[in-house]
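Given the structure is predicted, the values throughout are model-derived calculations rather than measurements.
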Amino acid sequence: MMLEGIEFLNKEFFWLFLLLPLLILWYVLKHHKQTAELKMSTIKGFKITQSWLPKAKHGLFILRMLAFALIITALARPRTVDVSTKTKTTRGIDIVIAIDVSASMLAKDLLPNRLEALKKVASDFIKGRPNDRIGIVEYAGESYTKTPITSDKFIVLRALNDIKYNTIIEGGTAIGSGLATSVNRIKDSKAKSKVIILLTDGVNNSGFIDPKIASELAVEYDIKVYTIGIGTNGTALSPIGILPNGQFQYGRQQVEIDEALLKDISKVTGGKYFRADNNKKLAAIYDEINKLEKTDVEEFKYYNYEEKYRPLVLLAFGLLLIEFLLRSTVFRSFN
């Protein structure tokens, strides 16, 4: 039982409060029987002097009842509880997010396009992993590390925000290279769990590393790979050329994702394959990965108890002492 930061350890003593109405009733009945009545036809000729003492005597009973209530409350063991907590991460996870940045990632089947939709969801995912180290790898026809694994989320989020399509990286989709670079980034990690989230919207058509060989490397270093195929079924409004003003020209293109390869990568490494054909599904996928890869955090709670019954007992005995002194002195003649 808690009351404004105070808990009562032996709250069963509060049942004694049911005696208070009985004691009050007993006092009223006793007082009524002890009050003498004198009936007279007239009081003319008598000088009546009113005294406050008979009425004030009831205060003695009030003092006794207050003392009784305080003793009951003290028996219930009131105490304050100061709770402090301390958390300790016992099992950190290192994560590398491998992002396909080929031109097809600008397709508009996800809004505003696949790449921007991914960046928004990945940003929320990173913010929700305060106890883990995260790194980012970019790949298209070739791959490179955008940021190594780090616990500094500001650096990771800034790197993610800076990701955009550019012509510096060789065109194409080198899934094997993207996966191999990610493995290289995380293979020497001392974390209890190592995870790669690899996302692509195409088929492996570039690079010098076979995706299956990259998968075997991941298995060798005990790295789990979650793969995500991004893109709607059928066709999508995708870049098909560049206009004279440098802007992309868009047209309907068939969506081709090597789901068999992605499923095989996730299966052999102990991960899972997902398909994101809209913004909502992409967000749900990252939520599921977030739940699958939990970091164990130990929470220690420290309780500091401070007993509060002593002042109540002292106050109760103080009231009883006052009641005794008044009864023995001022109200002695009324006993």
On a heavy-atom basis, which atom in [X] and which in [Y] lie closest, and how many Å separate them?
X: N204; Y: L261; answer: CB-CD2, 4.0 Å
X: I95; Y: I149; answer: O-CG2, 3.8 Å
X: V121; Y: A283; answer: CG1-CA, 3.8 Å
X: S102; Y: Y165; answer: C-CD1, 3.9 Å
X: A214; Y: A180; answer: CB-N, 3.9 Å
X: I265; Y: S215; answer: CG1-OG, 3.3 Å

With under 30° as parallel and over 60° as perpendicular, where do the rings of F61 and Y27 fit, or are they tilted in between? parallel

Between Y250 and F248, what is the ring plane arrangement, given parallel below 30°, perpendicular above 60°, and tilted in between?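 Y250 vs F248 ring planes: perpendicular.
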
Check: [X] side chain, [Y] main-chain N or O, donor-acceptor pair, under 3.5 Å:
X: R158; Y: K153; result: no
X: K164; Y: E116; result: no
X: S266; Y: K263; result: yes
X: K146; Y: E138; result: no
X: S206; Y: G141; result: yes
X: T227; Y: L262; result: yes
X: N113; Y: A107; result: no
X: E142; Y: G207; result: no
X: D201; Y: I230; result: no
X: T147; Y: G135; result: no

May I ask you to test the [X]-[Y] pair for a side-chain heavy-atom distance under 4.5 Å?
X: L16; Y: L18; result: no
X: R114; Y: D109; result: yes
X: F68; Y: L19; result: yes
X: I136; Y: L160; result: yes
X: T80; Y: E307; result: no
X: T173; Y: D100; result: yes
X: L63; Y: L326; result: yes
X: I97; Y: Y226; result: no

Using a strict cut-off of less than 4.0 Å between a Lys/Arg side-chain nitrogen and an Asp/Glu carboxylate oxygen, indicate whether [X] and [Y] qualify as a salt bridge.
X: R129; Y: E293; value: no
X: K291; Y: E288; value: no
X: D124; Y: K120; value: yes
X: E7; Y: R77; value: no
X: E323; Y: R327; value: yes

Quick check for you: to the nearest 0.5 Å, what is the distance between [X] atom [atom1] and [Y] atom [atom2]?
X: L217; Y: I223; atom1: CG; atom2: CD1; value: 8.5 Å
X: L60; Y: I62; atom1: CG; atom2: CD1; value: 9.0 Å
X: Q254; Y: S238; atom1: CD; atom2: OG; value: 10.0 Å
X: L118; Y: I285; atom1: CG; atom2: CD1; value: 10.5 Å
X: K308; Y: T73; atom1: NZ; atom2: OG1; value: 14.5 Å
X: I228; Y: T200; atom1: CD1; atom2: OG1; value: 11.0 Å

Can you tell me if NZ on K212 sees more than 12 non-hydrogen neighbours from other groups inside 6.0 Å?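 No.
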
Should the heavy atoms of other residues, nucleotides or ligands under 6.0 Å from OH of Y305 be counted, would the total exceed 12? yes

What verdict does the side chain to side chain contact (heavy atoms under 4.5 Å, CB included) test give for V255 and I257, after you've listed the backbone C-alpha separation in whole Å, the side-chain angles of each residue and the deciding distance to 0.1 Å? CA-CA 7 Å; V255 176; I257 301 175; 4.1 Å; yes

Under a plain distance cut-off of 3.5 Å, with no hydrogens placed, do [Y] and [X] share a side-chain donor-acceptor pair?
X: T150; Y: D152; result: no
X: S189; Y: D94; result: yes
X: T181; Y: S143; result: yes

Walk me through it: do N233 and D277 pass the test side chain to side chain contact (heavy atoms under 4.5 Å, CB included)? CA-CA 7 Å; N233 293 312; D277 52 14; 4.2 Å; yes

Check for me, please, whether [X] and [Y] land in the same ILVMFWY cluster - side-chain distances under 4.5 Å, paths through other members count.
X: W15; Y: L25; answer: no
X: L157; Y: V101; answer: yes
X: V268; Y: I197; answer: no

Kindly confirm or rule out a cation-pi arrangement of K187 over Y221, judged by NZ or CZ under 6.0 Å from the six-membered ring centre and within 45° of its axis?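 The answer is yes; both the distance and angle limits are met.
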
Side chain to side chain contact (heavy atoms under 4.5 Å, CB included) evaluation trace for I99 with V137: CA-CA 6 Å; I99 301 174; V137 166; over 6 Å; no

Verify side chain to side chain contact (heavy atoms under 4.5 Å, CB included) between Q247 and I242, making sure each step is shown before the conclusion. CA-CA 6 Å; Q247 298 295 318; I242 300 178; over 6 Å; no

What residue pairs, at least two apart or across chains, pass ring pair (Phe, Tyr, Trp, His ring centres under 6.0 Å) with a residue in residues 266-292? F125-Y286

Would S151 and R133 count as a side-chain hydrogen bond (donor to acceptor under 3.5 Å, both in side chains) if you check the C-alpha gap in whole Å, the side-chain angles of each, and the deciding distance to 0.1 Å? CA-CA 4 Å; S151 58; R133 298 195 307 164; over 6 Å; no

Go through the structure and list residues passing side-chain hydrogen bond (donor to acceptor under 3.5 Å, both in side chains) with R185, not counting sequence neighbours.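 So R185 forms a side-chain hydrogen bond (donor to acceptor under 3.5 Å, both in side chains) with T145.
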
Set of ring-ring contact (aromatic ring centres under 6.0 Å, His included) partners for F324, sequence neighbours left out: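 Applying ring-ring contact (aromatic ring centres under 6.0 Å, His included) to F324 gives none.
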
